[in-house]
Amino acid sequence: MPELPEVETVRLALERLALGLEIAEYICHRPDYLTHGRQYTGKLAGSRIESAIRRGKFLVLLLDGDFALMHHLGMSGRMLVTTASAEIEPHTHVQIRFRGVDAEIRQRDPRRFGFAAVFTRDELSRFPSWAELGPDPFSLNSRAFAAILHNRQAPVKNLLLNQRRIAGLGNIYVDEGLFRAGIHPLRPAGDLSPAQSALLLKCLKRVLRESIAAGGSTTNDFRRLDGRFGEFQHKHRVYRREGEPCPSCGAIIEKIILGGRGTHFCPSCQSI
DNA sequence: ATGATTTCCTGTAGGC
DNA sequence: TGCCTACAGGAAATCA
């Protein structure tokens, strides 16, 4: 469940570590994990990493030539920096080796809900799940956010998980944002008052910012680029805390299934 | 068109 | 101890 803060944590680390590095070799051990651009992998040697960008949960390394390397972490994906001679751990699907440095980037993903792809910049801009991505929460003001919720009958949690509506939120930060805003996950999105919707956006931005500052949440699989755990899981107030007392009011936190996902909330603080 | 449900995958945790 | 089952969920596909 790497979401916006986890992907941003990786992106920031890549920005410090990998900009300017010249690719020596791009290796994919599992053809079906590389969903696009297999015909390009042999042409990447000599290109340098120009920038590391993120939209929603998508991570892209832009090269100085025409190519863009996309990495999505899915559920159990990790981007890791290792020495070039480090043992290849199981479920390592992609290796990016560099010239002149004893380091390489690897993508591991046991459950394989993630993927890697190589695009030209033009292909990237037309790749549907990238091109049709909604805005990042940080780019929204309360008016634009209200427009996204307007007239939507779906439960607000489902809408916030829809990457075409708003990009980057997943199960953890939707539950945590709704709790902080005092809004029930089943509440129809379009029913929120302007004040509630503004508060929700503010709470979402705050929880995302705090998580980025903590290096993201490690609930199970997520690791930072250097292998360290994130720390924000210690600040979760409801996510996977069903049966525990609410940190605000002491009521017992409940868990329901919504859109096939565990959904955690305080029945007392979060009114429907 | 919207919204709800199903599917992919494997390591881990819990029950017996 | 070991076997078995349930569970975790991002996003695409499918259905009503």
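Lettering follows sequence order; numbering is per chain, from 1.
- Few gaps surround NE2 on A:His29; more than 12 heavy atoms of other groups in view lie less than 6.0 Å from it.
- More than 12 heavy-atom neighbours from other residues, nucleotides or ligands sit within 6.0 angstrom of CD on A:Gln39.
- Where A:Met75 and A:Pro128 each meet DNA chain C at their nearest nucleotide, the meeting point lying more 5' is that of A:Met75.
- An OP1 or OP2 oxygen of C:dA11 is reached within less than 4.0 angstrom by a side-chain nitrogen or oxygen of A:Gln163.
- Between the P atom of B:dG14 and the CG atom of A:Asn220 lies a distance of 11 Å, rounded to the nearest Å.
- The number of heavy-atom neighbours closer than 6.0 Å to NZ of A:Lys202, taken from other residues, nucleotides and ligands shown, is 12 or below.
- Applying the 4.0 Å criterion to OP1 and OP2 of C:dA8, one finds that A:Asn171 has every side-chain N and O outside that range.
- In this structure, A:Tyr239 reaches the sugar-phosphate backbone alone: every heavy-atom distance under 4.0 Å involves primed, P, OP1 or OP2 atoms, never a base.
- Computed from coordinates, the A:Arg111 CZ to B:dT7 C1' distance equals 15 Å when rounded to whole Å.
- In this structure, A:His91 reaches the B:dG11 phosphate: one of its side-chain N or O atoms is under 4.0 Å from OP1 or OP2.
- OP1 or OP2 of C:dA12 sits under 4.0 Å from a side-chain N or O of A:Ser129.
- Each of A:Ala154 and A:Arg112 has a nearest nucleotide on DNA chain B; the 5'-most of these lies closest to A:Ala154.
- Contacts of A:Pro155 with the nucleic acid, taken as non-hydrogen atoms under 4.0 Å apart, involve only primed sugar atoms and P, OP1 or OP2.
- Under the 4.5 angstrom side-chain criterion for Ile, Leu, Val, Met, Phe, Trp and Tyr, the cluster partners of A:Leu62 are A:Ile53, A:Phe58, A:Val60, A:Met70, A:Phe115, A:Phe119, A:Leu124, A:Phe127, A:Trp130, A:Leu133.
- Both A:Gly260 and A:Arg152 lie near DNA chain B, and the one whose nearest nucleotide falls closer to the 5' end is A:Arg152.
- Within the nucleic acid shown, A:Gly114 has no heavy atom closer than 4.0 Å to any nucleic acid atom.
- In this structure, CZ of A:Arg240 is placed 11 Å from C1' of B:dA13, rounded to the nearest angstrom.
- Heavy atoms of A:Asp109 sit nowhere under 4.0 angstrom from any nucleic acid atom.
- We find that OH of A:Tyr173 is positioned 15 Å from C1' of C:dG10, with the value rounded to whole Å.
- Between the side chain of A:Arg261 and the base of C:dA8, no donor-acceptor pair under 3.5 Å is found.
- One atom, CZ of A:Arg164, and another, C1' of C:dA11, lie 10 Å apart when rounded to the nearest Å.
- Of the side-chain N and O atoms in A:His72, one or more sit less than 4.0 angstrom from OP1 or OP2 of C:dA11.
- Counting non-hydrogen atoms of neighbouring residues, nucleotides and ligands closer than 6.0 angstrom, the CZ atom of A:Arg143 reaches no more than 12 such neighbours.
- Taking atom CG on A:Asp32 and atom P on B:dC9, their separation rounds to 9 Å, with Å as the unit.
- In this structure, A:Glu132 places its CD atom 20 Å from P of C:dG10, rounding to the nearest Å.
- For C:dA11, the base has no donor-acceptor partner in the side chain of A:Arg165 [N/O atoms by modelled type, under 3.5 angstrom].
- Between A:Tyr173 and A:His236, the angle of the ring planes goes over 60°, which puts this pair in the perpendicular group of the 30/60° scheme.
- In this structure, CG of A:Leu258 is placed 13 Å from P of C:dG10, rounded to the nearest angstrom.
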